[in-house]
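Whatever order the structure lists them in is the order used to number ligands and atoms, beginning at 1.
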Amino acid sequence: MSKTRFRIGSGYDFHPFVEGRRLFLGGVEIPHARGLEGHSDADALLHAVADALLGGAGLPDIGSYFPNTDPRYKDISSLLLLEKVYRLVRGKGLAVGNVDVTVIAEVPKIRPHVEAMKANLGRVLYVSPDQIGIKATTMEGHGAIGRGEGIAVHAVALLEVVE
Ligand code: MG
């Protein structure tokens, strides 16, 4: 590991909406007419956070650890995947400083669920919920997300070298 005290990582994910699935975001089930399509529970927020952590640690992306062809990860809770990612990052001598997330979605409303999402991330990443930022914006009706076709998430994570 390098001699720097901090490392930064960024992550991004997008999943399209599909009929007949439950919607999970930040480890919270959100009541909605459609869910996100994907091999796991398709929690785009947790996937973006996982990639930010892995990137900050200089590790490969989430898809290389949990391939969407592996039946073990079919419909799995992404909180379990993030727990494994945390252990990988911790194994590199790193702890989580803070995480900041931007959800880009026309629907549903994210704000009512932010505290529950922060509690989930805090628990899995061994930080206080106030070290987690989650905010949301829309595309003002433009593009695929603006038409309500899916949800995108950006995340950045600051990692501290603790050894
Ligand atoms: Mg994903």
Side-chain angles (χ1 to χ4, degrees), residues 7-92 94 96 98-111 113-114 116-125 127 132-139 143-159:
R7 297 174 62 103
I8 193 166
S10 80
Y12 171 83
D13 199 20
F14 171 86
H15 283 262
F17 278 119
V18 67
E19 302 287 341
R21 286 202 98 195
R22 294 148 72 193
L23 175 60
F24 292 94
L25 216 52
V28 177
E29 182 171 359
I30 299 177
H32 193 60
R34 295 174 297 166
L36 294 174
E37 185 171 36
H39 183 64
S40 65
D41 66 1
D43 191 323
L45 192 155
L46 296 185
H47 295 177
V49 170
D51 265 349
L53 296 173
L54 290 167
L59 293 168
D61 63 61
I62 185 175
S64 58
Y65 289 101
F66 312 110
N68 63 10
T69 50
D70 189 331
R72 285 179 299 169
Y73 306 125
K74 180 91 183 93
D75 296 325
I76 195 173
S77 167
S78 295
L79 283 169
L80 296 175
L81 304 183
L82 190 59
E83 282 176 5
K84 293 184 184 194
V85 165
Y86 175 81
R87 285 200 289 275
L88 290 167
V89 168
R90 197 66 194 79
K92 296 283 280 183
L94 297 163
V96 176
N98 73 298
V99 173
D100 188 25
V101 174
T102 303
V103 179
I104 307 162
E106 219 70 13
V107 286
K109 285 262 178 281
I110 303 300
R111 195 173 303 138
H113 309 287
V114 161
M117 294 175 180
K118 287 169 68 164
N120 283 340
L121 282 164
R123 188 178 68 251
V124 172
L125 303 180
V127 296
I132 308 291
I134 299 176
K135 56 218 179 297
T137 189
T138 72
M139 287 294 289
I145 293 172
R147 291 188 295 272
E149 294 175 12
I151 292 178
V153 183
H154 289 273
V156 292
L158 188 70
L159 304 177

Taking the basic N atoms (NZ, or NE/NH1/NH2) and the acidic carboxylate oxygens, is any pair closer than 4.0 Å for Asp41 and Lys74? no
Leu53 and Ala157 have their tightest heavy-atom pair at CD2-CB, 3.8 Å
Any idea which heavy atoms bring Glu106 and Ile145 closest together, and the distance? CB-O, 3.5 Å
Given salt bridge (charged side-chain N to carboxylate O under 4.0 Å, His left out), test Asp75 with Arg21 step by step and report yes or no. CA-CA 10 Å; Asp75 296 325; Arg21 286 202 98 195; 2.6 Å; yes
How would you list all residue pairs meeting ring pair (Phe, Tyr, Trp, His ring centres under 6.0 Å) that involve residues 36-77, not counting sequence neighbours? His15-His47, Phe66-Tyr73
Which heavy-atom pair separates Asp51 from Ile62 by the least distance, and what is that distance? OD1-N, 2.8 Å
Spell out the protein N/O/S atoms under 2.8 Å from the Mg ion (ligand 1) as residue plus atom name. Asp13 OD2, His15 NE2, His47 ND1
